[in-house]
Each structure stands twice: as structure tokens, then as C-alpha cells.
Amino acid sequence: MASSERSRRLVRIVVLALMLLPIHTLPLLAAEQVAKPVVEKAVEKVEPQEKSVVKKLVGIASYYAKKFHGRATTSGERYHPEKMTAAHQSLPLGTKVLVRNLANDKEVTVVVNDRCRKKGFPFIDLSRAAARKLGFLGEGKAKVAIIPLTEDES
């Protein structure tokens with residue numbers, strides 16, 4: 001009696017495992033399909049934006065951590081902390097942006113060459129040199145105005 005009950009339990013476990021196996025591997029299959037186009041996009045040469053749709057955004061700026069020195073950005077360039085570069089969630093790569101610190105009215109022009117995490121508010125991640133010129137290196141964050149520039153303005 002006990003062995004037939006044990007057999008039924010084993011059959012149920014095997015059936016359940018076989019049902020869950022395809023569901024468990026779906027994220028792996030999806031990751032393979034998504035990963036290929038991302039690699040192809042990183043190699044493409046990105047042209048700067050000709051005309052900006054956005055006039056001015058007021059948001060938060062931070063700067064890259066030291067650990068990102070030498071890592072590849074979304075545009076394919078290597079991040080260097082002394083270059084005037086930035087990461088933005090939606091501005092086209094290659095866009096020149098004027099960033100003004102609202103606390104002290106210092107401003108700097110940077111080129112968007114990377115992407116940052118999407119947030120619910122305007123956000124830009126600056127190189128350490130840009131943060132130093134804006135006067136918030138060491139503070140971590142600053143409230144800034146982000147103004148995309150056209151070819152004529154830069």
C-alpha cells in the first residue's frame with residue numbers, strides 16, 4: 001500500500017518538473033534573442049542629432065563612479081573621467097548638451113555617449129571632469145538644467 005502511494009507521489013513530482021522545465025527556460029531564450037541586437041547597436045556609428053525636440057529640462061545630475069574608468073560606453077567609446085561626456089536616458093547619442101548647475105550658475109557642455117537607467121524624472125550622469133567644473137564633485141548630486149544644443153549652437 002505504501003509503495004503505490006510513494007509511486008504516485010513520484011509520478012506527480014516528475015510530471016510537475018516536466019511542466020515547469022519549459023517555463024523555467026523561457027527567460028534564457030528571451031535573453032538570447034534580446035542580447036544579439038544590443039551587441040549590433042553598440043558597434044554602429046552614431047551621428048549627432050540635428051535638431052533638438054527638447055528645449056530645457058530641470059533635473060538631477062550625478063557623476064560616474066571611479067570603477068567605470070576604461071569601461072565601454074553604449075556608443076562604443078571607453079569612458080575616461082577627464083573627458084566632457086555624459087549618460088542620459090533618452091537624448092540621442094552624440095548630442096551636445098549644456099548642463100547648468102542651478103545652485104551656483106556654473107555651466108559646462110558635454111556630449112552624450114552613454115545611457116543611464118530610466119528614471120521617473122530628468123536625470124544625467126556626468127563625467128568626473130564635468131562634475132568638477134560644475135562644482136559638485138564630492139557632493140554626489142546637484143540640481144541642474146539640461147539644455148540640448150543644435151549643431152549651430154555648439
Side-chain angles (χ1 to χ4, degrees), residues 13 16-154:
I13 291 172
L16 184 62
L18 289 174
M19 288 174 40
L20 291 177
L21 184 65
I23 295 170
H24 182 68
T25 58
L26 282 177
L28 296 174
L29 295 173
E32 287 177 7
Q33 292 173 354
V34 171
K36 290 179 184 175
V38 171
V39 172
E40 293 170 7
K41 286 182 182 179
V43 177
E44 291 178 16
K45 179 98 174 157
V46 178
E47 296 298 321
Q49 179 185 13
E50 288 187 27
K51 207 164 194 182
S52 174
V53 177
V54 178
K55 297 293 180 201
K56 177 181 176 181
L57 298 168
V58 174
I60 303 295
S62 67
Y63 53 88
Y64 281 85
K66 289 182 180 179
K67 69 179 182 179
F68 292 107
H69 179 69
R71 292 192 186 177
T73 62
T74 305
S75 67
E77 296 177 47
R78 297 274 175 197
Y79 167 69
H80 193 281
E82 296 306 315
K83 289 185 178 178
M84 297 302 224
T85 58
H88 192 271
Q89 56 196 9
S90 60
L91 288 174
L93 298 175
T95 303
K96 288 189 177 184
V97 180
L98 179 73
V99 182
R100 180 178 297 129
N101 187 341
L102 298 177
N104 59 15
D105 282 337
K106 291 182 179 180
E107 55 186 39
V108 67
T109 302
V110 294
V111 177
V112 176
N113 71 342
D114 203 3
R115 292 281 174 235
C116 59
R117 198 171 54 204
K118 295 216 184 279
K119 299 190 181 237
F121 53 89
F123 182 81
I124 192 164
D125 213 2
L126 301 170
S127 65
R128 296 177 81 78
R132 187 178 307 110
K133 284 195 175 184
L134 287 174
F136 74 95
L137 187 67
E139 295 174 25
K141 295 180 187 175
K143 191 170 183 180
V144 295
I146 304 165
I147 306 163
L149 303 173
T150 61
E151 291 272 327
D152 304 332
E153 296 171 328
S154 55

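For reference, positions follow the sequence shown, starting with 1.
In this structure the side chain of Phe136 reaches within 4.5 angstrom of the side chain of Leu126, judged on heavy atoms. The side-chain heavy atoms of Asp114 and Asp125, taken from C-beta on, include no pair separated by under 4.5 Å. Looking at heavy atoms from C-beta onward, Phe123 lies in side-chain contact with Ser62 at the 4.5 angstrom threshold.
Between His69 and Tyr79, the ring planes lie perpendicular to each other; the angle is over 60°, past the 30° to 60° tilted range.
Pro148 approaches Leu91 most closely through the heavy-atom pair CG-CD2, 3.9 Å. Nearest heavy-atom pair, Arg117 versus Gln89, reported as atom, atom and distance to 0.1 Å: O-OE1, 3.4 Å. Listed here is the closest heavy atom pair of Ser75 and Asn113: OG-O, 3.1 Å. What you find for Val99 and Leu134 is that their closest heavy atoms are O-CD2, 3.5 Å. The two residues His88 and Leu57 have their closest heavy-atom pair at NE2-CD1, 4.2 Å. Considering all non-hydrogen atoms of both residues, Met84 and Ser127 come closest at CA-OG, 3.9 Å.
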Dump the intermediate steps for side-chain contact (heavy atoms from CB on, under 4.5 Å) on Thr85 and Val110, then the final yes or no.
CA-CA 5 Å; Thr85 58; Val110 294; 5.8 Å; no
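From Lys143, atom NZ reaches atom CG of Leu102 across 6.5 Å, with rounding to the nearest 0.5 Å. Atom-to-atom distance recorded for Thr73:OG1 and Arg115:CZ is 10.5 Å, nearest 0.5 angstrom. Here CG of Leu149 is found 8.5 Å from NZ of Lys96. Values are rounded to the nearest 0.5 Å.
Judged as a salt bridge (charged side-chain N to carboxylate O under 4.0 Å, His left out), not a single pair has a partner in residues 67-77 (not counting sequence neighbours).
Between the side chain of Arg128 and the backbone N or O of Tyr64, at least one donor-acceptor pair lies under 3.5 Å. In terms of modelled atom types and a separation under 3.5 Å, the side chain of Arg78 and the main chain of Gly70 share a donor-acceptor contact.
Of the options Ile147, Val58, Ile146, Val144, a side-chain contact (heavy atoms from CB on, under 4.5 Å) to Arg100 is made by Ile147 and by none of the others.
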